[in-house]
2 protein chains.
Amino acid sequence: MASKPFISAHDVAERAGVSRSAVSRTFTPGASVSAETRRRVLQAAEELGYHVNQLARGLMRRESGIVCLIVSDAATPYRSALLRELTIHLQNAGKVVMLINTDRSDDSVGNALRQAIRYQAEASIILSGLPDKSITQLCLKNGQRMVLINRDDDQPGPLRINLKDEEAGRRVALVFERAGCRTVAFANSEAGTPSLMARERGFVSAAKALGMEVCVERFGWTGYEAGKVLAHRLLTRAIRPEAVFCATDLLACGFMDAARLEFGLSVPEQLCLVGFDDIEQAAWESYKLTTFAQPLQAIANAAVSWLCDPQETDNLLHVSRLLLEPDLIWRRSVRGG
Amino acid sequence: MASKPFISAHDVAERAGVSRSAVSRTFTPGASVSAETRRRVLQAAEELGYHVNQLARGLMRRESGIVCLIVSDAATPYRSALLRELTIHLQNAGKVVMLINTDRSDDSVGNALRQAIRYQAEASIILSGLPDKSITQLCLKNGQRMVLINRDDDQPGPLRINLKDEEAGRRVALVFERAGCRTVAFANSEAGTPSLMARERGFVSAAKALGMEVCVERFGWTGYEAGKVLAHRLLTRAIRPEAVFCATDLLACGFMDAARLEFGLSVPEQLCLVGFDDIEQAAWESYKLTTFAQPLQAIANAAVSWLCDPQETDNLLHVSRLLLEPDLIWRRSVRGG
DNA sequence: TTGTAGGCGTTATCAC
DNA sequence: GTGATAACGCCTACAA
């Protein structure tokens, strides 16, 4: 019994007294099987505990049903929320998700993609890092679709989903002006990813255009602790900013905590704060952070429907790009509103 | 070219001027190939962009390399942290993770396991819900190993990893006594999972034994909002508890926010609070929550090493159980310490 | 060390 | 509608 623990279609066919093909057809949606055969096959399968072997099926059909999710820092609130949304959409589309954790290096993304190829993944969705051009080409050549979320890359082939980060930055400048702030700041991480930099760019240029005093500070990765450090740097300046736009909610939470608890500043009376991502904690009573909501549903929906529907092949050769708009969620970290 | 986008070992063999088996051996660790053949194969493979097809390899070797992670509410801080740890350990062990999101129902877990079988997963790790006995048997019969984390189940076969929840509850009662609290409470969710109930049991019995006034409130799922509701219920009682043990950090955060911001209570002076999980937010300045740290590393390590090393088969027939001890992390939500 | 032959479990094709 | 037969891409004896 230990020698043959796997039940194959052959076994089912034998028990049901039909041919292997009949079994196969029974489990192939839209194949023609008589009701009687079907019934007998199903019963035999049930009794034997038979399940179709997707590895073998994928081999034949040349479609594995596997979609790779490539991500680093997956335990972060924003990332895990996006991951959840993607996973759910993918499952609803009948796909199965293979999760690959990378560190922040680009070649670890390359390794992840290589694994995706080995497992004949139908598509890869990349949430962190940026693969080498040659790898991307390799994936495409292997018939794999690719989706890049919040990555900047202008190679043709992958679908790129981005947010209007620069515009968001501009909007915040306006919001601060309406709140009566004249000297403002941008708190960024050193990660230097395109979306982070775009927010900075939009904010700084708009603030300057509005005649505000604006400064920028960058430190560490985009986490809570970095936010505290950024607060120390910005709030000890000769002229203290009245409002700061944090590149990320996590930064904003750290910033707010330091501002209140260590500098005794009250938000929003003495300091206006805006974040980005709308992580769950942004809505917590201690923060009530005004922030931009990532359109997670829209992102997941776009990604999944794009890679599922077999669109025209020539379409694939073009650069496909989707630009989504984040919603500004008003809470209580900015005056007025 | 669109007709044959896949490069097979056959193509590589042709280009390298060797047989298909030589190619196969080159990519099989520990097979005997001459250095020269190996070199030529590797070169041809590189030029062609060949990658071993794991689906086909898995079919032959009867080992897919796939391990399923079955989880609901994966975006929650504790769950995502555990997920990350497991994923990393699994990857380091050369496995590839298949992520399956379930809702909280047990039959959705069953479906997930069925999928695991279809993909010939070598093992499944279950973080939420509890599969039906028959499904578990089916998995085991299909040669699949199973790990249940923080689930209660006494079927033989799966490895069960649990925490000493009841003991943790008892420890908290002692901590509260040392802080000079006489009337205490346990804030729980209605989920009623074994680990949550064990914490409650341990705490309540120990508190009673210490002669304390103890009450219990249960509401909703184990999230931030539920914590706020629980605070409302417990803090409006005729005799207000001086200390409460929350079943979860998320509950504790909600509880603390409501206590401070809506009831004007100061923690820990007027109210002592202890949580469970040690999620990242528990360390944030606004909370500084005294809590139990889940031994995530130990859990992941135990799970992965158990399902990777080919231990004796008869061992599998016994109930394997691992009982881990959570560390109490002292922060500032309890007096004394 | 190397090549040949057979099989893993499935589906697609084609006669019946 | 049904059953043989030939793939799919790979691995593993076995013989050379």
Side-chain angles (χ1 to χ4, degrees), chain A residues 3-42 44-45 48-66 117-122 142-144, chain B residues 3-42 44-45 48-66 115 117-122 142-143:
Chain A
S3 62
K4 182 153 170 51
F6 293 106
I7 299 109
S8 73
H10 183 269
D11 304 327
V12 178
E14 210 163 52
R15 183 177 187 106
V18 296
S19 72
R20 289 176 228 104
S21 336
V23 179
S24 178
R25 276 192 281 263
T26 303
F27 290 100
T28 303
S32 67
V33 202
S34 75
E36 172 58 11
T37 315
R38 178 183 204 76
R39 196 192 54 73
R40 289 168 60 187
V41 169
L42 250 29
L48 258 38
Y50 168 76
H51 287 79
V52 175
N53 184 334
Q54 291 285 3
L55 267 42
R57 170 179 277 186
L59 198 56
M60 259 312 287
R61 289 217 185 136
R62 300 174 152 284
E63 52 182 53
S64 60
I66 295 174
I117 294 179
R118 284 198 296 270
Y119 275 91
Q120 310 291 106
E122 299 176 3
N142 280 53
Q144 200 172 128
Chain B
S3 61
K4 181 147 170 56
F6 292 106
I7 299 108
S8 73
H10 183 268
D11 304 327
V12 178
E14 210 162 52
R15 182 176 188 108
V18 296
S19 73
R20 287 174 233 103
S21 13
V23 179
S24 179
R25 278 191 278 261
T26 303
F27 290 100
T28 302
S32 68
V33 202
S34 75
E36 170 59 10
T37 315
R38 177 184 203 77
R39 196 192 55 73
R40 289 168 62 187
V41 169
L42 250 27
L48 258 37
Y50 167 77
H51 287 79
V52 175
N53 184 335
Q54 291 285 3
L55 265 44
R57 170 176 278 188
L59 198 55
M60 262 311 290
R61 290 218 187 135
R62 298 175 154 287
E63 52 182 52
S64 60
I66 296 174
Q115 190 185 99
I117 294 179
R118 285 197 296 269
Y119 276 90
Q120 310 291 107
E122 298 177 4
N142 280 53

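Every chain is numbered from 1, with letters handed out A, B, ... down the list of sequences. A quick note: this is a predicted structure, and the numbers were derived from the prediction, not measured.
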When the distance from [atom1] of [X] to [atom2] of [N] is rounded to whole Å, what number comes out?
{"X": "B/L55", "N": "D/dA7", "atom1": "CG", "atom2": "P", "answer": "21 Å"}
{"X": "B/L59", "N": "D/dC11", "atom1": "CG", "atom2": "C1'", "answer": "10 Å"}
{"X": "B/R40", "N": "C/dT2", "atom1": "CZ", "atom2": "P", "answer": "9 Å"}
{"X": "A/R62", "N": "C/dG9", "atom1": "CZ", "atom2": "P", "answer": "21 Å"}
{"X": "B/E63", "N": "C/dC8", "atom1": "CD", "atom2": "P", "answer": "17 Å"}
{"X": "A/Y119", "N": "D/dC10", "atom1": "OH", "atom2": "P", "answer": "14 Å"}

Would you say that [X] contacts [Y] through its side chain, given a criterion of any heavy-atom pair below 4.5 Å between the two side chains?
{"X": "A/F27", "Y": "A/V33", "answer": "no"}
{"X": "B/T28", "Y": "B/R57", "answer": "yes"}
{"X": "A/Y119", "Y": "B/N53", "answer": "no"}
{"X": "B/E122", "Y": "B/E63", "answer": "yes"}

* Asked: Can you tell me if the side-chain N/O atoms of A/S32 get under 4.0 Å from OP1 or OP2 in D/dT2?
  ->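 So the side-chain polar atoms of A/S32 never come under 4.0 Å of the phosphate oxygens OP1 or OP2 of D/dT2.
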
* Asked: Within less than 4.0 Å of OP1 or OP2 of D/dG3, is there a side-chain N or O belonging to A/S19?
  ->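 True: A/S19 side-chain N/O within range (under 4.0 Å) of D/dG3 OP1/OP2.
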
* Annotated protein contacts, base or backbone, on nucleotides 10-16 of chain C with a non-hydrogen cut-off under 4.0 Å, one of B, S, - each -> BBS----

* To do: Quick one: do A/S21 and A/S24 satisfy side chain to side chain donor-acceptor pair (under 3.5 Å)? Show the steps, please.
  => CA-CA 5 Å; A/S21 336; A/S24 178; over 6 Å; no

Measure the spacing between [atom1] of [X] and [atom2] of [Y] and express it to the nearest 0.5 Å.
{"X": "B/M60", "Y": "A/L55", "atom1": "CE", "atom2": "CG", "result": "13.0 Å"}
{"X": "A/Y50", "Y": "A/D11", "atom1": "OH", "atom2": "CG", "result": "9.5 Å"}
{"X": "A/R25", "Y": "A/S19", "atom1": "CZ", "atom2": "OG", "result": "6.0 Å"}
{"X": "A/R61", "Y": "A/Q120", "atom1": "CZ", "atom2": "CD", "result": "15.5 Å"}

* Take the C1' atoms of the five end pairs on each side of the helix from C/dT1-D/dA16 to C/dC16-D/dG1, derive the two axes, and give their angle rounded to 10 degrees. =>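 Inter-axis angle at the ends, rounded: 40°.
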
